[in-house]
Amino acid sequence: MKVIGLMSGTSVDGIDAALVEVTGKGYGVKVELLAAHTADYSPSLRDRILAVCANKPLAMADIAGMDDDIAIAFANAANHLGTAELIASHGQTVYHRPPTAQQMGYSWQMGRGELIAELTQTPTISNFRAADIAAGGQGAPLVPPVDASLLSHAQHHRCVQNIGGIGNLTYLPPWDRAGPPPAAIVGWDTGPGNALIDWAVSLFSDGNLTYDHNGDWAAQGHPCQRLIDQWLAQSFFRQPPPKSTGRELFGADYGQRCWQEAQALDLSQADFLSTLTAFTAATIADSYQQLPCLPDEVLLCGGGSQNGYLRSQLQLRLPSVNLMTTDDAGISSSHKEAIAFTVLGYWRWHQHPGNILAVTGARQPCLLGNIYTVGDSVND
Ligand SMILES: Nc1ncnc2c1ncn2[C@@H]1O[C@H](COP(=O)(O)OP(=O)(O)OP(=O)(O)O)[C@@H](O)[C@H]1O
Ligand SMILES: CC(=O)N[C@H]1[C@@H]2OC[C@@H](O2)[C@@H](O)[C@@H]1O[C@H](C)C(=O)O
């Protein structure tokens, strides 16, 4: 089945679209990437999204307009790739509230599927996180079962580490991908990926730069271990999984507090970037201490996998681990999340539950996503 996956993550750097041939059943699924494309948001839409993520209050009319504009941008990104039998659209996360003992979770991905279906004339699945959350889960991360299907190794213990705006890991014990997946697969959000680094780069460059290319700016400074230890003591990092997070926690306010603490210690801008980058690496390495064993291999993906300084900081903290990228295992590290959503959509279409209870903490397996068909077409 030809499926288009559409994803824009917490970096809000654009819409990643992948046209994928998906075959097979359940966890035995296979993918072939046929085409991929990244569509930038217009600067004004990106600014509006970032403002909402930073808690700017909006009137209902503005919310409606933003939902329209995101759906239209997603539909355009899909149309750019040509035709498919199905679209699986993650949408744009604008708010994520993990569940607590007192309150269930909530997560909102804008860019409604019914409009994407209409504009592309293609059945579309969206709203992937809602059912898991209704069942008491975090609603994130959702990609670990797809990682298990596409990236497990028969002999090696692997981790897949996404470094987007937020970081998340999937632990994959050895599995030959035949029969049911091992119960030991786990995954959770490790904390900030590039979110804090991007925030600081934008601040220090007066908005002229959006990220630290290859970590070159950070590499000019020195990490402050005292601050890293102080930040690692924060409750999110001590919380046992299942856990998820977002820009609500690791956003501008968090960055501002960190920068104040750094200035109190006379850190330069380069030292601060170096410290934020090393902190991101430390949160990842710290998470791995909670696994049943350290992995033999870590397969990086997401934009942070292209940050050489971040990689070197991670290798320093995980000296025994073979640091690779998902490209080394046949899955594009730039498009992995869009590819993963083609599989999640394919599973929903074929009525295969998409969540792993040990990952999200949901009470039961769920069919993830709402199906929007076009005109009088039927669901399957
Ligand atoms: N060459 C590079 N050098 C350093 N950093 C890079 C490079 N390319 C991309 N990045 C970083 O990766 C980020 C984008 O990563 P990605 O697209 O994986 O995030 P996302 O999908 O939006 O986030 P999430 O996975 O949290 O939803 C950019 O904002 C930037 O910080
Ligand atoms: C709410 C939300 O959009 N979460 C994202 C975010 O970006 C990385 C991390 O936080 C992960 O939990 C999730 O995305 C991926 C695609 C996931 O669900 O697996």
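In listed order, ligands and their atoms are each counted from 1.
Among protein heavy atoms, the minimum distance from atom 4 (C) of ligand 1 is reached at Asp212 O, 3.1 Å. Nearest protein heavy-atom contact of atom 29 (O) of ligand 1 is Asp198 OD2, 2.6 Å. Scanning the protein for heavy atoms near atom 14 (C) of ligand 1, the closest one is Asp13 OD2, 3.2 Å. The nearest heavy-atom contact from the protein to atom 24 (P) of ligand 1 is Thr10 OG1, 3.3 Å. When hydrogens are left out, the protein atom nearest atom 2 (C) of ligand 1 is Tyr211 CE1, 3.5 Å; that is the closest non-hydrogen contact. Among protein heavy atoms, the minimum distance from atom 23 (O) of ligand 1 is reached at Gly165 N, 2.9 Å. Regarding atom 22 (O) of ligand 1, its nearest protein heavy-atom neighbour is Ser11 N, 2.9 Å.
Aromatic pair Trp347/Tyr27: centroids less than 6.0 angstrom apart. Under the 6.0 Å cut-off for aromatic ring centres, Phe204 and Tyr211 do not qualify, their centroids lying 6.0 Å or more apart.
The side chain of Asn162, and not its backbone, has at least one atom closer than 4.0 Å to an atom of ligand 1 (non-hydrogen atoms only; side chain from C-beta on). Only the backbone of Asn214 comes within 4.0 Å of ligand 1, judged by heavy-atom distances.
For His153 (side chain) and Gln155 (main-chain N/O), a donor-acceptor pair under 3.5 Å exists by modelled atom type. Ser8 places a side-chain N or O within 3.5 Å of a backbone atom of Gly14 that can act as its donor or acceptor partner. Formation of a donor-acceptor pair under 3.5 Å by the Asn370 side chain with backbone atoms of Asn127 is not found in this model.
Among the atoms of Thr210, none of the N or O lies under 3.5 angstrom from an N or O of ligand 1. Not one N or O of Met7 is nearer than 3.5 Å to an N or O of ligand 1, by distance alone. Residue contacts with ligand 1: Gly302 is placed with no nitrogen or oxygen under 3.5 Å of a nitrogen or oxygen of the ligand (distance criterion only). Looking at ligand 1, you'll find an N or O of Ile166 within less than 3.5 Å of one of its N or O atoms.
Residues Glu21 and Lys2 are paired through a salt bridge, judged by an N-O separation under 4.0 Å between the basic side chain and the carboxylate. Contact check on Asp147 versus Lys336 returns a salt bridge, with a Lys/Arg side-chain nitrogen under 4.0 Å from an Asp/Glu carboxylate oxygen. In summary, Asp62 and Arg48 do not engage in a salt bridge, as defined by a charged side-chain N under 4.0 Å from a carboxylate O.
Each of Phe237, Trp231, Trp199 was scored for a ring pair (Phe, Tyr, Trp, His ring centres under 6.0 Å) with Phe250, with one residue passing: Phe237. Residue Gln109 forms a side-chain contact (heavy atoms from CB on, under 4.5 Å) with just one option from Val94, Thr93, Ile70, and that option is Thr93.
Of all atoms in ligand 1, numbered sequentially from 1 with element shown, those under 4.0 Å from a heavy atom of His213 are 1 (N), 3 (N). Below 4.0 Å from some heavy atom of Glu337 lie the following atoms of ligand 1, by number and element: 21 (O), 25 (O), 27 (O). Less than 4.0 angstrom separates some heavy atom of Asn307 from each of these atoms of ligand 1: 4 (C). Near Gln306, with a cut-off below 4.0 Å to any heavy atom, the atoms of ligand 1 are 1 (N), 2 (C), 3 (N), 7 (C), 8 (N).
Which of Gly303, Pro192, Ala338 comes nearest to atom 11 (C) of ligand 1 through a heavy atom is settled by distance: it is Gly303.
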Can you produce the list of protein nitrogen or oxygen atoms under 3.5 Å from a nitrogen or oxygen of ligand 2, alongside each distance?
residue	atom	partner	partner atom	Å
ligand 2	3 (O)	Thr93	OG1	2.6
ligand 2	3 (O)	Arg129	NH2	3.3
ligand 2	12 (O)	Asp189	OD1	2.7
ligand 2	12 (O)	Asp189	OD2	3.1
ligand 2	14 (O)	Arg129	NH2	3.3
ligand 2	18 (O)	Arg129	NH1	2.8
ligand 2	18 (O)	Arg129	NH2	3.1
ligand 2	18 (O)	Leu142	N	2.8
ligand 2	19 (O)	Leu142	N	3.0
ligand 2	19 (O)	Val143	N	3.0

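Atoms CG and CZ, on Leu249 and Phe236 in that order, are 7.0 Å from each other to the nearest 0.5 Å.
Side-chain contact check for Phe279 versus Leu196: some heavy-atom pair is nearer than 4.5 Å. Within the 4.5 Å cutoff, the side chain of Ser202 has no heavy atoms near those of the Thr210 side chain. Using a 4.5 Å cut-off on side-chain heavy atoms (C-beta onward), Trp217 and Tyr309 make no contact.
Note on ligand 1: Gly304 sits in its first shell, one or more heavy atoms being nearer than 4.0 Å.
Side chains of Trp349 and Glu85: no donor on one and acceptor on the other come within 3.5 Å.
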